[in-house]
Amino acid sequence: MSVRTRIAPSPTGDPHVGTAYVALVNYLFAKKHGGQFLLRIEDTDRARSTPESERAILEALEWLGLSWDEGPDVGGPHGPYRQSERLPFYTRYAGELLAAGHAFKCFCTPERLEAVRVEQRQASRPPGYDGHCLTVSPAEAAALEAAGVSHVVRLKVPREGSVTIDDMLRGPIVFEWSTVDMQVLVKSDGWPTYHLANVVDDHLMGITHVMRGEEWISSAPKHALLYEYFGWPMPKLCHLPLLRNADKSKLSKRKNPTGILFYRRMGYLPEALLNFLALLAVPPIDGEEVMDLPTMVGAFGVEHISLGGPVFDTTKLDWLNGRYLREKLDDAAFEARVREWALRDGYLERILPLARSRIERLSDLGQLLAHFFSGRLDVDPEKLREGKLDNETLRRAFVIAGALFDALPEWTVPSIEASIRRVAEITGAKLRDVVRPFYVAITGSAQSVPLFDSMQILGRDLVRERLRIALERLGGATSKEQEAWKKGL
RNA sequence: GGCCCUAUCGUCUAGUGGCCUAGGACGCCGCCCUCUCACGGCGGUAACACGGGUUCGACUCCCGUUGGGGCUACCA
């Protein structure tokens, strides 16, 4: 049977470099063994999934050059490849589980579940569902449903004994069943959770090797149980170490730019970023760290992946990117790349209208638009303080704005404007006074092209990064301050 | 708190019992090249978390401690 791997991102935000890393490993493994690599969109969270995010994910992976053999855009023999289009499968298999007595309907309220959790925690017992609805008879269940009481479907988990998970990198991992929760498989809205959808789809799509982030280790027993209940062969499992912040915590956008597209906006070449990620899984041949995709496929081996979570430190990426720029491109190719970077998707057409009324000579454009062609800005803290806000209010404003921006479902000019107006409200300052330091932080100057449009065009990631730098220049904010300032947002 | 994963220079790593007085790369420092700056060349700085075992011999195997991380949702 041929090797089949997949990357299964959830379209709930900006495509993450961690996704790129996991995708790369899955890609390399599949290609190394002459198999297929698929892309599946896991959008069973109907509230948070967005089409924009899905589009961005495809664009980001395409940009990196990781092409998939089957996926929502290219189709394939095991489609559809978008979970929101596969509901009948999940309903059917959940029904099978229910009929066989491997799952049960649960009518508990969130309040009751929360109370159980609190109690378990206090008693130092493993948290999890207490089995309350296990004893509900079919007749009772039918009555409750008829009365319109909403329910979920939970997985029945043995209360005794243990299970051994075999990880390709870590060997056997033993779990006591008593520590495994009776997970929800079908939510009250009728949609499956990750656990059910993932197992059903991996089986139906013929996935042979599941390579995913380390964060999934603790749910592996539930998945193993599902495969057993269904009588399906279990794919090989391989849990990859998580990319980390400098402080070793799981890579997060609060501490680091994490968006793949941010790195494109910053002017990294896709092959350099890919190469940088590959260094975590492919040993350099004869000490040469610059590798193209085919070379990576040849040299790749899961046994080369170090289990210690690597810090995503882009210093080396800078060096690698420099080498690609000066060694791998001739003058014509370099020029083409610059053009592509600077002018893609009608970039000029979007920014020129902002500048037109503000210039007298075309040569004024250079200064006025420089920040659209820059990455991080070296802002002068004195310029940030020139307005009417004191240092504390400034820092508060940046922190609050950052939190509001992160919470926006859509990155549009009106939503950005609303956020900034909100900051003015909260800090009790005039909008014009609040806006000024943002001009400095984002565009580098208090006299510039319109702020909200600039932010929208630059993208959320780069805006977050420039705000982060500005905040740092003002002395930063302790986590306590941040917590206090964000309270009640 | 509970369960699980993990531990070599600041960072990414090589190392699978003797080849290790631990190798490479990035960063940093110094020197050279040079109209500046880069690039490039040369050199330097710097690590096996700790404690027990196993063994003739442990960076490598086992146990413990400590540190780090993940999970602990009707999110994935």
Side-chain angles (χ1 to χ4, degrees), chain A residues 8-13 16 18-19 40-49 53 83 106-110 113-114 117-118 120-129 150-154 162 165 167 169-171 173-181 183-198 212-222 239-251 275-290 303-323 325-327:
Chain A
S10 179
T12 51
H16 198 276
T19 304
R40 181 174 74 224
I41 297 296
E42 308 231 323
D43 54 354
T44 54
D45 184 339
R46 301 314 296 151
R48 293 200 306 149
S49 299
S53 175
Q83 291 189 327
C106 169
F107 298 87
C108 292
T109 62
L113 297 173
E114 185 51 34
R117 255 179 242 126
V118 169
Q120 284 164 334
R121 202 189 170 84
Q122 279 170 352
S124 288
R125 303 216 356 266
Y129 187 66
S150 78
H151 72 278
V152 300
V153 175
R154 284 181 187 275
S162 61
I165 299 299
D167 184 274
L169 287 170
R170 300 154 213 267
I173 305 171
V174 180
F175 292 87
E176 294 294 323
W177 280 124
S178 61
T179 66
V180 178
D181 195 11
Q183 258 295 333
V184 170
L185 298 177
V186 180
K187 302 177 252 188
S188 56
D189 64 4
W191 286 90
T193 58
Y194 169 86
H195 306 284
L196 209 220
N198 153 289
R212 72 230 299 189
E214 194 178 6
E215 63 213 290
W216 293 107
I217 290 181
S218 35
S219 29
K222 295 161 201 163
H239 292 96
L240 274 12
L242 261 20
L243 268 29
R244 312 287 186 90
N245 297 309
D247 65 3
K248 300 279 189 182
S249 56
K250 173 167 139 177
L251 192 62
N275 195 153
F276 177 65
L277 293 169
L279 254 17
L280 303 176
V282 182
I285 301 164
D286 295 325
E288 179 49 85
E289 296 187 298
V290 173
E303 69 277 10
H304 295 299
I305 297 173
S306 297
L307 263 16
V311 172
F312 191 74
D313 179 358
T314 54
T315 323
K316 195 163 188 168
L317 171 60
D318 290 335
W319 167 79
L320 256 182
N321 201 57
R323 280 196 61 183
L325 253 20
R326 71 183 92 93
E327 294 174 19

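In what follows, chains carry the letters A, B, and so on, assigned in the order in which the sequence lines appear, proteins first and then strands, with residues in each chain numbered from 1. Computed from heavy atoms alone, side chains included, the values below leave out hydrogens, waters and symmetry copies.
- Distance check on atom P: B:rU21 versus B:rU60 gives 14 Å, rounded to whole Å.
- Rounded to whole Å, atom C1' of B:rA76 lies 16 Å from atom CD1 of A:Ile217.
- Of all heavy-atom pairs spanning A:Val186 and A:Leu196, the tightest one is CG2-CD1, 4.1 Å.
- Side-chain nitrogen and oxygen atoms of A:Arg326 include at least one within less than 4.0 Å of the OP1 or OP2 phosphate oxygen of B:rG40.
- Residue-level contact check: A:Thr44 touches the backbone only, with heavy atoms under 4.0 Å from sugar-phosphate atoms and none from bases.
- Nucleotide B:rC19 has no partner under the Watson-Crick or G-U criteria, as no pair reaches both atom distances under 3.5 Å.
- Using a 4.0 Å heavy-atom distance criterion, A:Pro310 is classed as a sugar-phosphate-only contact.
- A:Phe175 comes within contact range of the sugar-phosphate backbone alone, with a heavy-atom separation under 4.0 Å but no base atom that close.
- Residue A:Ser306 is in sugar-phosphate contact alone, with no base atom involved, counting any heavy-atom pair closer than 4.0 Å across all strands shown.
- Residue A:Arg154 places at least one side-chain N or O closer than 4.0 Å to OP1 or OP2 of B:rC74.
- Rounded to a whole angstrom, the distance from the C1' atom of B:rG57 to that of B:rG17 is 7 Å.
- For B:rC61, the paired base is B:rG53 (Watson-Crick or G-U wobble, both distances below 3.5 Å).
- Among the atoms of the strands shown, none is found under 4.0 Å from any heavy atom of A:Leu317.
- Both distances falling under 3.5 Å, in either a Watson-Crick or a G-U wobble arrangement, occur for no nucleotide opposite B:rC39.
- For A:Arg117 and B:rA73, the shortest distance from a side-chain N or O to OP1 or OP2 is below 4.0 Å.
- Closest to the A:Trp319 side chain, of the nucleotides B:rC71, B:rC26, B:rC5, is B:rC26.
- A donor-acceptor pair under 3.5 Å is absent between the side-chain atoms of A:Asn245 and the main chain of A:Asp247, judged by distance alone.
- In the set B:rC74, B:rC12, B:rA25, B:rC12 carries the atom at the smallest distance from any side-chain atom of A:Leu280.
- Note that NZ of A:Lys187 is 13.5 Å distant from OG of A:Ser150, once rounded to the nearest 0.5 Å.
- If you take CG of A:Leu240 and P of B:rG70, they are 16 Å apart, rounded to a whole angstrom.
- Residue A:Leu242 has its side chain nearest to B:rG70 when only B:rG70, B:rA25, B:rC74 are considered.
- Looking at the side chain of A:Val152, the nearest of the listed nucleotides B:rU72, B:rC74, B:rC5 is B:rC74.
- Looking at heavy-atom distances under 4.0 Å, A:Trp191 makes no contact with the nucleic acid at all.
- Of the possible donor and acceptor atoms, none in the side chain of A:Ser49 sits under 3.5 Å from a partner among the backbone N and O of A:Arg46.
- Comparing the same atom, C1', in B:rU16 and in B:rC74 gives a spacing of 45 Å after rounding to whole Å.
- Atom CZ of A:Arg46 and atom P of B:rA76 are 11 Å apart (whole Å).
- Checking B:rA76, B:rG70, B:rU72 against the side-chain heavy atoms of A:Lys250 singles out B:rG70 as nearest.
- A:Lys248 has its NZ atom 20 Å from the P atom of B:rU66, to the nearest Å.
- Applying the Watson-Crick and G-U wobble criteria (two distances, each under 3.5 Å), B:rC26 pairs with B:rG10.
- In this structure a side-chain-to-backbone donor-acceptor pair under 3.5 Å is present from A:Gln120 to A:Gly128.
- When the C1' atom is used for both B:rA46 and B:rU6, the distance is 23 Å, rounded to whole Å.
- Proximity of A:Lys187 to the phosphate of B:rA73: no side-chain N or O atom is located under 4.0 Å from OP1 or OP2.
- Ring-plane geometry between A:Phe107 and A:His151 is classed as tilted, the angle between the planes lying from 30 to 60 degrees on a 0 to 90 degree scale.
- Under the 3.5 Å distance criterion, the side-chain polar atoms of A:Thr193 are matched with a main-chain donor or acceptor of A:Val184.
- Rounded to whole Å, the separation between the P atoms of B:rC71 and B:rC31 comes to 48 Å.
- Atoms CG and CG, on A:Leu169 and A:Leu240 in that order, are 7.0 Å from each other to the nearest 0.5 Å.
- Whole-Å rounding puts the A:Glu214 CD to B:rG70 C1' distance at 6 Å.
- Taking atom C1' in both B:rC9 and B:rC3, one finds a spacing of 33 Å when rounded to whole Å.
- The CZ atom of A:Arg244 sits 10.5 Å away from the NZ atom of A:Lys250 when rounded to the nearest 0.5 Å.
- Of all nucleotides listed (B:rC74, B:rC12, B:rU11), B:rC12 comes nearest to the side chain of A:Leu279.
- Distance, A:Leu277 CG to B:rC26 C1': 15 Å, rounded to whole Å.
- A:Ser219 comes within 4.0 angstrom of nothing in the nucleic acid, heavy atoms only.
- Within the nucleic acid shown, A:Val174 comes within 4.0 Å of sugar-phosphate atoms alone, with no base atom in reach, counting heavy atoms only.
- Using a 4.0 Å heavy-atom distance criterion, A:Pro11 is classed as making no nucleic acid contact.
- Taking 3.5 Å as the limit, the base of B:rC4 and the side chain of A:Ser218 contain no donor-acceptor pair of atoms between them.
- For the C1' atoms, the distance from B:rA22 to B:rC32 is 30 Å, rounded to whole Å.
- In this entry the distance linking CG of A:Leu169 with P of B:rC5 reads 13 Å, nearest Å.
- With RNA chain B read from its 5' end, the first of the two nearest nucleotides for A:Arg323 and A:Ser10 is the one closest to A:Arg323.
- Within 4.0 Å (heavy atoms only), A:Arg48 reaches at least one base atom of the nucleic acid.
- In this entry the distance linking CZ of A:Arg244 with C1' of B:rG67 reads 12 Å, nearest Å.
- When heavy atoms are screened at a 4.0 angstrom cut-off, A:His304 is found touching the sugar-phosphate backbone but no base atom.
- Comparing A:Asp45 and A:Val311, the nucleotide of RNA chain B nearest to each residue sits closer to the 5' end for A:Val311.
- Between the C1' atoms of B:rG70 and B:rC75, the separation comes to 16 Å (whole Å).
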